[in-house]
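Residue numbers begin at 1 in each chain, while the letters A, B, ... track the order of the sequences.
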Amino acid sequence: MTFAQGFASVFRAVLSTFALASIIVLAVVLYGFYYPAPYAHQTARQLPVVVVDQERSGLTRALIRKLSDIREVRIAAEAASPYEAEQLVLNRKADGVLLLPKGLTRSLLTGAPGSVGGGGIGIWVNGTYLIRARDIGGAIQQAAVAVAMEQLGPLAQGLHLRAPIAVVERPLFNTREGYADYVFPAVSAIILQQTLLFGTAMVAAGRRAAEHVLSLAAFFGVWCALALIGCMAATFYFGWIFWYQDVPRAGNLGGLMLAVPLFAGAVSALGLLLGSLFDSADRALQVLIPTSIILFFLAGAAWPLSSMPLGVSSLAHLSPATFGVQAFVRFNEMGAGLGEVLPQLAGLAALCLVYGAAAAWRLTKRAA
Amino acid sequence: MIVLRPGFRAALQRETAHLRQGGWDLAMITLFPAAAILIVAAMLIAGVPRALPIAVLDEDNGTLSRAIVRAVGASPAVSITERPRSMPEAERLARAGRVWAILLIPRGVSEGLERTSTPAIQIFYNASFLTIGSSAASGIQSAVSAVLAERGLDAARARGLPAIRIRPPIVQATVLFNPQTSFEWYLQALIHPAVLHLLTGCVAVMAMGRELQGRSLARWKAETGGGLPALAGKLLPHVAAISIWGVVWMIWLTGIRGWTMNGSLLLTLAAQALLFAGTAAISVLLVVAVRKASFAFSATALYAGSALAYSGGTLPLDGGSGFARGWSEALSFTHYLRLQMDQFLGAPVVVSLPQVGVLGLYLVVPLALAMLLLRREEQAE
């Protein structure tokens, strides 16, 4: 078989095998809409909070009004005591408690200690959902600070008191601090890798089951065709899906043009190599599908690679998506230059070479 | 006389005999989950991200700013790896991903404590990696606030200014049920059940798909009777093995790593086994209905592979689209995760009982539908 025949055989297989087409084409398109849907609202909204207002002053009432205005939380109930509020959390009527102790206004003006350590506001949040806890805590804190300064500001001016130094946090690259804008670009590298990997491994496992031996030229034809399919999928994502989903994109198109073929080449070579180990196309799916969730967390988007033990982060880099996430997010969202992503590009190139050589060896070997 | 159910026992023996031959099917319920638990446990062993690299740009270079830099440097959450000379240089470092956050202390901060218009200290963080970037930012934030609170009063007093100034309210935030704010506990509680859920789905598709000859299950029916006992015997070894791995993981998380289960551990483990049994039942239904293993695999990847995203475990779905909320409720994993998190919190068992009921439905309904499809085919033949 020649290069051209090998190349054509892949497209023939995709067009004639519905199972293959459904994974390598249909699934890719479907995931582009299906995966961002649970994150499309971008931020936590209307999380239920219980308020315990022991002071009942103008300040605390203003604070409660402010809280019912903000997007992140809603006041689910008012409780008479912290104990009662905790029961509401335990019975899953609320995710957080806000305690406004007696003497709050006075202690804010004078710095005198109130009933809660230091005269402050108390917030308790359900920490079992840690990200939700942080959203609630942050939202209440901001509202409390804003209301206190607003209410006490004029009073303080009269007393010739001044505002303290402000500390401002500003998000870079994902300026909406959106959850979809953070998760989807990272997940898309996993979607692109896994769909291409499943399809490629099915092709290779199918060939093995049929005891096909490829010539070297035909192997390159097959590999190129699969990598081309991977490139088209990536272009569809970064070009159209990212635009449709309106996530930060196209920061450095030139860089992407280089990273995408390297990524697709590495993934398809890995798929061919793994596929040559399986006894059937179904086996490829049975073994590879359950790796998806773990590979996402290993890619360093949710948990930093630098916080993983060396053994785990080394293992993580065997999955092309790990370099892929790091390179694509930098090019798409952060607008990094080519030089700034050189280590990831070199890593992808190395995986391409190693997996390509190993797959060529496995698939062109005469059966003993 | 007690009638033994030969259908169940024969099917069980048939399945275990196949597994005893070794090979991929055995590995997928032994080595694969063992490796998964090991890798995820090792990955998260640090608990919280520590020593995240950050850049500090101190334009002020006064006593206060130096104190701030020292405090930030001493914070365990971050580590100052870069001292750029300008904002463009700092931004380049952030773009290259060499730092997760930038602390900018503008000129005039040290005198600012006495001046009327005070420049703001700014923390820029990489929101493309939202959770990591904001971890770095909050590490910097707490170090800076501590210095400002302490130094602010001293500095004013030293210059004979009145010591009183209005302070932002002290907000004492307490994270209940996860006081160390351990990401390890939280992510473990999300990742492991999700991985085992997806694995069960795939393993069960293979177990049933193996019996297909072309699109026919006739041989399997002839050999095992093809009724409910035959299905139960086939699925039991897989569901049992993966449930045991679920227990191993729970022992690691609560027994060894120390996250307290305030509610009922037994209920959670039972719900987990029920989730896996229901997942296996859905796989059987998929294979029986479409008679093509590859399609059943794709469907499993679609619903179980993204179950975590739709569970509300990371971003709550309140405020999501109607489709997202509806589909979330339709997935069995959502109900399991809700029960598990509520039991970690210590919710009364009564609160979780509806979830148990729902999980039971995911076992009963798919099995009943699969039986119906098998029976109807028999009548057609």
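In this structure, the side chains of B/Phe297 and A/Asp282 come closer than 4.5 Å at one or more pairs of heavy atoms. Side-chain atoms of A/Leu285 and B/Cys202, non-hydrogen and from C-beta on, never get closer than 4.5 Å to each other. Side-chain contact between A/Thr291 and B/Phe32 is present, with at least one heavy-atom pair separated by less than 4.5 Å. Contact check for A/Leu298 versus B/Met43: side-chain heavy atoms found under the 4.5 Å cut-off. Taking the side chain as every heavy atom from C-beta outward, A/Pro290 and B/Val195 never approach each other to under 4.5 Å. Contact check for A/Tyr182 versus B/Thr131: side-chain heavy atoms found under the 4.5 Å cut-off. At a threshold of 4.5 Å between non-hydrogen side-chain atoms, the residues B/Leu345 and A/Arg92 count as touching. Within the 4.5 Å cutoff, the side chain of B/Thr300 has no heavy atoms near those of the A/Ile289 side chain.
Looking at A/Leu342, there are no atoms closer than 4.5 Å to chain B (heavy atoms on both sides), in backbone or side chain. Using a 4.5 Å cut-off between heavy atoms, B/Arg92 contacts chain A through both its backbone and its side chain. Interface remark: B/Ile132 contributes side-chain atoms only to the contact with chain A (heavy atom separation under 4.5 Å). B/Ala94 touches chain A through backbone and side chain together, each having a heavy atom under 4.5 Å away. Interface remark: B/Ala324 contributes side-chain atoms only to the contact with chain A (heavy atom separation under 4.5 Å). Looking at A/Ala27, there are no atoms closer than 4.5 Å to chain B (heavy atoms on both sides), in backbone or side chain. If you measure heavy-atom distances from B/Asn262 to chain A, you find no contacts under 4.5 Å at all. When heavy atoms are compared at a cutoff of 4.5 Å, A/Ser313 does not approach chain B at all. Interface residue A/Ile23: only side-chain heavy atoms are found under 4.5 Å from chain B. Only the side chain of B/Ile45 comes within contact range of chain A, judged by heavy atoms closer than 4.5 Å. For A/Leu315, the part lying near chain B is the side chain, with the backbone staying farther off; criterion is any non-hydrogen pair under 4.5 Å. Interface remark: B/Leu196 contributes no atoms to any contact with chain A (heavy atom separation under 4.5 Å). Contacts of A/Val329 with chain B are made by side-chain atoms alone, with heavy-atom separations under 4.5 Å and no backbone atom involved.
When each of A/Pro185, A/Ala316, A/Ala302, A/Ser306 is checked for heavy-atom pairs under 4.5 Å with chain B, A/Ala302 comes out on top. The candidate from A/Ile294, A/Val341, A/Val287, A/Asp181 with the greatest count of non-hydrogen atom pairs under 4.5 Å with chain B is A/Val287.
Atom CZ of residue A/Phe18 and atom NZ of residue B/Lys292 lie 10.0 Å apart, to the nearest 0.5 angstrom. Between A/Phe173 atom CZ and B/Phe124 atom CZ the span is 11.0 Å, to the nearest 0.5 Å. Taken from CG in B/Leu308 to OG in A/Ser292, the straight-line distance is 12.0 Å, to the nearest 0.5 Å. Of the inter-residue distances, the one linking A/Thr128 atom OG1 with B/Phe344 atom CZ reads 9.0 Å to the nearest 0.5 angstrom. Distance check: A/Arg283 CZ to B/Arg210 CZ gives 8.5 Å after rounding to the nearest 0.5 Å.
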- Given the rule in the side-chain hydrogen bond (donor to acceptor under 3.5 Å, both in side chains) test, do A/Tyr34 and B/Ser306 qualify, once you have shown the distances and angles that lead to the verdict? CA-CA 9 Å; A/Tyr34 176 70; B/Ser306 59; 2.9 Å; yes
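Counting only distance, with no hydrogens or angles, the side chain of B/Arg50 and the backbone of A/Ser307 share no donor-acceptor pair below 3.5 Å.
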